[in-house]
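Start at 1 with the first residue, then count along the sequence.
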Amino acid sequence: MTHDSHVRRVQEVPVSAAVSTPTAPRRLGVRILPGVYAPQYDTHLLLRALARETVRPGSEAIDLGTGSGLLAVAAARRGANVTAVDVGRRAVLTARLNARLARQRVTVHRGDLADPVPGRTYDLVLSNPPYVPSPLGPPPRRGDARAWDAGHDGRAVVDRICDAAPYLLRRGGVLLMVHSELTGTEETLRRLSHGGLQAAVSDTASVPFGPVLLSRLSWLRGRGLLDDHTDEEKLVVIRAEQP
């Protein structure tokens, strides 16, 4: 993640050739309220993965931690009936605004992951969760950093999504989730596979360190998560399917 906490409105995100944007934010009419995570490299990588999926009209999709709502709107444009969820009040308002501007029907709830819609299952689960390892301990309950800080190992939310995915996905349903390699790709695959899903890395991209990771390089290197010569972050898209 670039994780620039000073981003306050949508911008032209500098995306390398390795992370092309299948659906441009400007074309979707995205607006970002203060305090809401703006679409960045990880968002675009997940959009590219979504573009490769078959989304049947009328299929059911959920976007966990929707933020700006960009992914939810993109799925709705493909014909899915989309539910979006976020813990942040401003994110909920932003996602509703962007769905309206895009003239797409997206039902947006405020809450923790899929808690607002208990018992429902989906053909497609999308998530760009908080995944940055943090020296500060438990994830924050409020503030901008809630969108990226995810505990010492970066897995506070990722693990919960892995554990919930087998119960959220219908037969043949697909989870698409993006996170940093710093978060532990093999652990994500192991956890999803343990839940009975067929999981694999479907896409990767190396992107420049953003302000948050730059501020934590010494700590990350001290933990052995980065070596002294690494100057980019590797992002991965995890694809898991319910057989």
Could you verify whether a donor N or O on one side chain and an acceptor N or O on the other, from N128 and Y37, lie under 3.5 Å apart? no
Are L182 and M177 linked, directly or through intermediate hydrophobic residues, by side-chain heavy-atom contacts shorter than 4.5 Å (ILVMFWY only)? yes
If I compare all heavy atoms of I32 with all of S68, which pair ends up nearest, and what's the gap? CD1-CB, 3.4 Å
Within the distance-only criterion (no hydrogens, no angle test), does the side chain of D149 pair as donor or acceptor with the backbone N or O of P139 below 3.5 angstrom? no
Between R110 and D86, is there a donor-acceptor pair closer than 3.5 Å when you use the side chain of the first and the backbone of the second? no
Does D115 have any side chain to side chain donor-acceptor pair (under 3.5 Å) partners at least two apart in sequence or in another chain, and if so, which? none
Are R77 and Q104 close enough that some pair of their side-chain heavy atoms sits under 4.5 Å apart? yes
Any donor-acceptor pair under 3.5 Å linking the side chain of T83 with the backbone of I62? no
Test item: R170 side-chain N/O and T121 main-chain N/O as donor-acceptor pair under 3.5 Å: yes
Would you mind writing out the side-chain donor-acceptor pairs for residues 87-95 within the sub-3.5 Å range, not counting sequence neighbours?
{"unit_1": "R90", "atom_1": "NH1", "unit_2": "P34", "atom_2": "O", "d": "3.0"}
{"unit_1": "T94", "atom_1": "OG1", "unit_2": "R90", "atom_2": "O", "d": "2.8"}

Criterion side-chain contact (heavy atoms from CB on, under 4.5 Å) on L50 and R78, from CA distance to verdict: CA-CA 10 Å; L50 173 59; R78 300 281 302 280; 4.2 Å; yes
Is it the case that the side chain of Q242 and the backbone of P166 share a donor-acceptor pair, with hydrogens and angles ignored and the cut-off at 3.5 Å? yes
Taking R223 for the side chain and H152 for the main chain, is one N or O donor matched with an acceptor at less than 3.5 Å? yes
Any donor and acceptor pair, going by atom type alone, linking the side chain of S59 with main-chain N or O of R56 inside 3.5 Å? yes
Looking only at atom types and distance, does a side-chain atom of T183 sit under 3.5 Å from a main-chain N or O of S180, one as donor and one as acceptor? yes
Kindly say whether D227 contributes a backbone atom to a donor-acceptor pair with the side chain of R221 at under 3.5 angstrom? yes
